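Keep in mind it's a predicted model, so treat the numbers as computed, not measured. When reading the values below, keep in mind they use all heavy atoms of this one structure, side chains included, and skip hydrogens, waters and symmetry mates.
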Amino acid sequence: MSRIGLSSYAFFWQLSDQVTEPLSIHDALKKAADLGVDLFQICDFAPLEDMNDDDLAAVRRTADELGITLEVGTKGIGPEHLRKFLHIAGILGSDLLRTMFNVPGHTPTADEATAIFEEVLPEFEAAGVRIAIETYEQVPTERILDVVRRVNSPYLGICSDPANTVAALEMPREVIDAVEPYVLNMHIKDFAFSRKQGWVGFTYSGAPLGEGLLDYDYMVKKIRPKERNINQIVEHWLPWQDSEAETIRLENQWTQQSLDFLRSK
């Protein structure tokens, strides 16, 4: 069954050290439950990698008590890194690992990426965990798809996020059309351009879901998440505001608005 979930990116600022009293991941799970959400993707959350098995088990207990299913996200495809996150996914009960190709010091070619996935995927398949590679501006979508096609496994696919690819001048509809057969997970965030002060250049940034340039209806018509049991995970690109209080207020507002928008569809 396709589900609507929240990413830790939905509480990006509140989980960061930019605020006076950052949320813990346990706090974020409680906020998600209060919003009626039963799926939470812990994505690119640095403290996760440093947790020991007891700490991870405590996160799993909190999620279980709140009736929340967990998914996991990281960056990088080094074999040992993927194996580490397979272990983390196992403790947290996640059946999906979202990742991205590049990290500082490792920008794999298509050949190298293919070899890595062919090496580690049997372990992921044995554990029942799929890998979803996110579309983003650092790697051409066609290169990601080339690797997915070469590996040709139901345990390797795409995390669709057309907002990211605009920065590489890849148009969202074209990316949606290309990745559609391979999507395992969807990141949902809206985006918009705005003129900089003095009309010199533009800022490409987030927008409340339903108010920006994301053609959500087209994306859903193509990918068909409900029919294909693909989860939709809410994220934001909310810029820091003039104050901590305003940033937190807007982050919460955008999260609620995103959930309302998706639930109305």
Output the distance between atom [atom1] ([X]) and atom [atom2] ([Y]), rounded to the nearest 0.5 Å.
X: M219; Y: D177; atom1: CE; atom2: CG; value: 12.5 Å
X: S7; Y: Q41; atom1: OG; atom2: CD; value: 5.5 Å
X: H87; Y: L82; atom1: NE2; atom2: CG; value: 14.5 Å
X: Q241; Y: E246; atom1: CD; atom2: CD; value: 6.0 Å
X: R130; Y: Y155; atom1: CZ; atom2: OH; value: 8.5 Å
X: D54; Y: R61; atom1: CG; atom2: CZ; value: 8.0 Å

Between [X] and [Y], is there shared hydrophobic-cluster membership here, with clusters defined by ILVMFWY side-chain heavy atoms closer than 4.5 Å?
X: I133; Y: I88; result: yes
X: V120; Y: V103; result: no
X: L156; Y: L184; result: no
X: I233; Y: I131; result: no
X: I25; Y: F85; result: yes

**Close aromatic pair by centroid cut-off 6.0 Å: F193 and Y204** =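 Ring-ring flag for F193/Y204: true, centres closer than 6.0 Å.
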
Taking [X] for the side chain and [Y] for the main chain, is one N or O donor matched with an acceptor at less than 3.5 Å?
X: T247; Y: W240; answer: no
X: N229; Y: M1; answer: yes
X: T135; Y: D161; answer: yes
X: E251; Y: Q14; answer: yes
X: T203; Y: S205; answer: no
X: S8; Y: C43; answer: yes
X: R98; Y: T74; answer: yes

**Request:** Establish, yes or no, whether the cationic atom of R173 lies under 6.0 Å from the six-membered ring centre of Y218 and within 45° of the ring axis.
**Result:**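 Here R173 passes the 6.0 Å and 45° test against Y218.
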
**Item:** For F12, ring-ring contact (aromatic ring centres under 6.0 Å, His included) partners two or more places apart
**Value:**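 Checked F12 against ring-ring contact (aromatic ring centres under 6.0 Å, His included); matches are Y9.
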
Taking all non-hydrogen atoms of both residues into account, name the closest pair between [X] and [Y] and its distance.
X: S24; Y: L15; value: O-CD2, 3.8 Å
X: L92; Y: L56; value: CD2-O, 3.4 Å
X: I248; Y: V19; value: CD1-CG1, 4.2 Å
X: P172; Y: V166; value: CG-CG2, 3.7 Å
X: E180; Y: R228; value: O-NH1, 2.8 Å
X: D190; Y: P208; value: OD2-O, 3.5 Å

With the side chain counted from C-beta on, respond yes when [X] and [Y] share a heavy-atom pair under 4.5 Å apart, and no when they do not.
X: I68; Y: L70; result: yes
X: I4; Y: V37; result: no
X: I223; Y: S160; result: yes
X: E80; Y: K84; result: no
X: N231; Y: E71; result: yes
X: E170; Y: P140; result: yes
X: T165; Y: E137; result: no
X: H81; Y: E49; result: yes

**Request:** Go through the steps for H187 and Q232 under the test side-chain hydrogen bond (donor to acceptor under 3.5 Å, both in side chains), then give the verdict.
**Result:** CA-CA 6 Å; H187 281 180; Q232 301 181 68; over 6 Å; no

**Asked** Step by step, would you call L145 with I158 a side chain to side chain contact (heavy atoms under 4.5 Å, CB included)?
**Response** CA-CA 8 Å; L145 288 172; I158 296 291; 4.1 Å; yes

**Request:** Take K75 and N102, measure what side-chain hydrogen bond (donor to acceptor under 3.5 Å, both in side chains) needs, and give me the verdict at the end.
**Result:** CA-CA 7 Å; K75 294 177 181 175; N102 294 354; over 6 Å; no

**Asked** Can you list the steps and then say if L214 with L209 is a side chain to side chain contact (heavy atoms under 4.5 Å, CB included)?
**Response** CA-CA 8 Å; L214 177 68; L209 186 58; 4.0 Å; yes

**Listed partners of R3 passing salt bridge (charged side-chain N to carboxylate O under 4.0 Å, His left out), at least two apart** =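 Testing R3 for salt bridge (charged side-chain N to carboxylate O under 4.0 Å, His left out), a comparison that skips the adjacent residues, returns D38.
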
**Request:** Check step by step if salt bridge (charged side-chain N to carboxylate O under 4.0 Å, His left out) holds for E142 and R149.
**Result:** CA-CA 10 Å; E142 190 50 45; R149 292 183 188 114; 2.7 Å; yes

**V139 and I144: CA distance, side-chain angles, deciding distance, side chain to side chain contact (heavy atoms under 4.5 Å, CB included) verdict** = CA-CA 7 Å; V139 182; I144 298 173; 3.7 Å; yes

**Request:** Might you confirm whether atom CG of D242 has over 12 heavy atoms from other residues, nucleotides or ligands at distances under 6.0 Å?
**Result:**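 Open.
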
**Request:** Could you tell me whether K265 atom NZ has more than 12 heavy atoms of other residues or ligands within 6.0 Å of it?
**Result:**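 More than 12 within 6.0 Å, yes.
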
**Message:** Closer than 4.0 angstrom, basic N to acidic O: yes or no for R150 and D146?
**Reply:**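 Yes, R150 and D146 are salt-bridged.
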
**Asked** For R60 and D64, what are the C-alpha separation, side-chain angles and deciding distance, and is it a salt bridge (charged side-chain N to carboxylate O under 4.0 Å, His left out)?
**Response** CA-CA 6 Å; R60 172 71 180 273; D64 287 346; 3.3 Å; yes

**Request:** Start with the C-alpha gap between L6 and L39, add the side-chain angles, then the distance that decides, and say whether side chain to side chain contact (heavy atoms under 4.5 Å, CB included) holds.
**Result:** CA-CA 6 Å; L6 290 179; L39 175 65; over 6 Å; no

**Request:** Any chance you could lay out the side-chain hydrogen bond (donor to acceptor under 3.5 Å, both in side chains) test for S153 and E125, step after step, and finish with the verdict?
**Result:** CA-CA 9 Å; S153 166; E125 185 170 356; 4.9 Å; no

**Prompt:** How are the rings of F40 and F11 set to each other: parallel, tilted or perpendicular (split at 30° and 60°)?
**Reply:**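 Parallel, since the angle between the ring planes stays under 30°.
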
**Asked** Going by distance alone, is a donor N or O of one side chain under 3.5 Å from an acceptor N or O of the other, for Q256 and N252?
**Response**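 Distance-only check fails for Q256 and N252.
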
**Request:** Apply ring-ring contact (aromatic ring centres under 6.0 Å, His included) to Y216 and F261, showing your working.
**Result:** CA-CA 10 Å; Y216 177 81; F261 178 91; 5.4 Å; yes

